[in-house]
Amino acid sequence: MLKDPDVRKEGYRVGLLGGTFDPPHTAHLVVAEWARDALALDEVWFVPAHVPPWKRARVVASPAERLAMLRLAVSGRPYLAVQTVEYERPGPSYTADTLTTLRRRYPGVTFVFLLGSDALAGLPRWHGFPGILDLANFAVFVRPPHTPDDVSRTIEEVAAAAGVSPSRFVAVDVPPLGISSSLVRRRLCEGRSVRSLVPDAVLTYILERALYLPPACGAVASGDG
């Protein structure tokens, strides 16, 4: 549950972790918890994309199902929350629009956008680039098969494309778990176990609704988070 912004202390810091969360999995939670600790964040908000700009043809679960699974995933974790700002507007869920809205809605909060190394190289193609870099701080976590050296090199390339200092980005050390939503969907489609890859409550939801299971599991090969 989000707190009332009027009672937040000065300098409140919130990490934002966006994505389709189709479905949310254990690595999402690890990234949020480790980033919160490493960056001294007060909270991390998960921001599910209502209409993913790049993945509309590949998303399997409905927006309502993805939101429900995400709420189950963060349940009982006091510093994690779900921010539904992208469900409030039609059209593609551009991060630049989301950051603009959040900064207007919570003017006293410092936002840190958490970005996987797989998405970092594509940042110059995002809607609103390079102005989006002025809307939040950006923290990059390593996702396999990338290495910390890959991240440092890509940060320099992206910063050069934006005409800003690489210091505008910070790298965050998280365990390379190698878990992705596409891996979870593929294993479910193949009838294999995903226990421990997703929170128990999320797995129960998936099985109750037969999400990602045969025969309607054709969209399992995408490489999303």
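For this chain, numbers begin at 1 and follow the sequence in order.
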Could you give the distance from [atom1] ([X]) to [atom2] ([Y]), rounded to the nearest 0.5 Å?
| X | Y | atom1 | atom2 | result |
| --- | --- | --- | --- | --- |
| His28 | Ser180 | NE2 | OG | 8.5 Å |
| Thr101 | Glu88 | OG1 | CD | 8.0 Å |
| Phe111 | Phe138 | CZ | CZ | 12.5 Å |
| Trp34 | Leu29 | CH2 | CG | 14.0 Å |

Side-chain atoms of residues 197-206: list all donor-acceptor pairs with protein atoms under 3.5 Å, sequence neighbours left out, distances to 0.1 Å.
| unit_1 | atom_1 | unit_2 | atom_2 | d |
| --- | --- | --- | --- | --- |
| Thr204 | OG1 | Asp200 | O | 3.1 |
| Tyr205 | OH | Arg209 | NE | 3.4 |

Give the minimum heavy-atom separation between [X] and [Y], together with the two atoms involved.
| X | Y | result |
| --- | --- | --- |
| Leu80 | Ala32 | CD2-CB, 3.8 Å |
| Arg36 | Val44 | CB-CG2, 3.9 Å |
| Ala139 | Val172 | CB-CG2, 3.6 Å |
| Pro52 | Thr20 | CG-CG2, 3.4 Å |

Check: [X] side chain, [Y] main-chain N or O, donor-acceptor pair, under 3.5 Å:
| X | Y | value |
| --- | --- | --- |
| Thr100 | Ala96 | yes |
| Thr26 | Ser196 | yes |
| Arg143 | Ala119 | no |
| Asp42 | Val14 | no |
| Arg13 | Val112 | no |

Taking the side chain as C-beta and beyond, is there a heavy-atom pair between [X] and [Y] under 4.5 Å?
| X | Y | answer |
| --- | --- | --- |
| Val109 | Trp45 | no |
| Ser75 | Arg71 | no |
| Arg185 | Leu188 | no |
| Gln83 | Leu16 | no |
| Pro23 | Leu211 | no |
| Tyr212 | Val194 | no |
| Arg89 | Thr98 | yes |
| Arg105 | Val85 | yes |

For a quick test of your reading: what N or O donor-acceptor pairs under 3.5 Å do the side chains of residues 127-137 make, sequence neighbours left out?
| unit_1 | atom_1 | unit_2 | atom_2 | d |
| --- | --- | --- | --- | --- |
| Asp134 | OD1 | Arg168 | NH2 | 2.9 |

Discussion item. Do Tyr79 and Glu33 pair up side chain to side chain, a donor and an acceptor below 3.5 Å, judged on atom types alone?
Written reply: no
Worksheet item: Would you call Arg66-Glu86 a salt bridge at under 4.0 Å N-O?
Response: no
Worksheet entry | Set of ring pair (Phe, Tyr, Trp, His ring centres under 6.0 Å) partners for Phe46, sequence neighbours left out | Phe21
Fill in: Results of ring pair (Phe, Tyr, Trp, His ring centres under 6.0 Å) for His50 - residues two or more places apart only
Tyr87
Ignoring hydrogens and angles, write down the donor-acceptor pairs under 3.5 Å from the side chains of residues 154-162, residues two or more places apart or on other chains.
| unit_1 | atom_1 | unit_2 | atom_2 | d |
| --- | --- | --- | --- | --- |
| Thr154 | OG1 | Asp150 | O | 2.8 |

Discussion item. Ser93: which residues meet the side chain to side chain donor-acceptor pair (under 3.5 Å) condition with it, sequence neighbours left out?
Written reply: none
Discussion item. If we check side-chain contact (heavy atoms from CB on, under 4.5 Å) with Val140, which of these qualifies: Leu120, Leu114, Leu123?
Written reply: Leu120
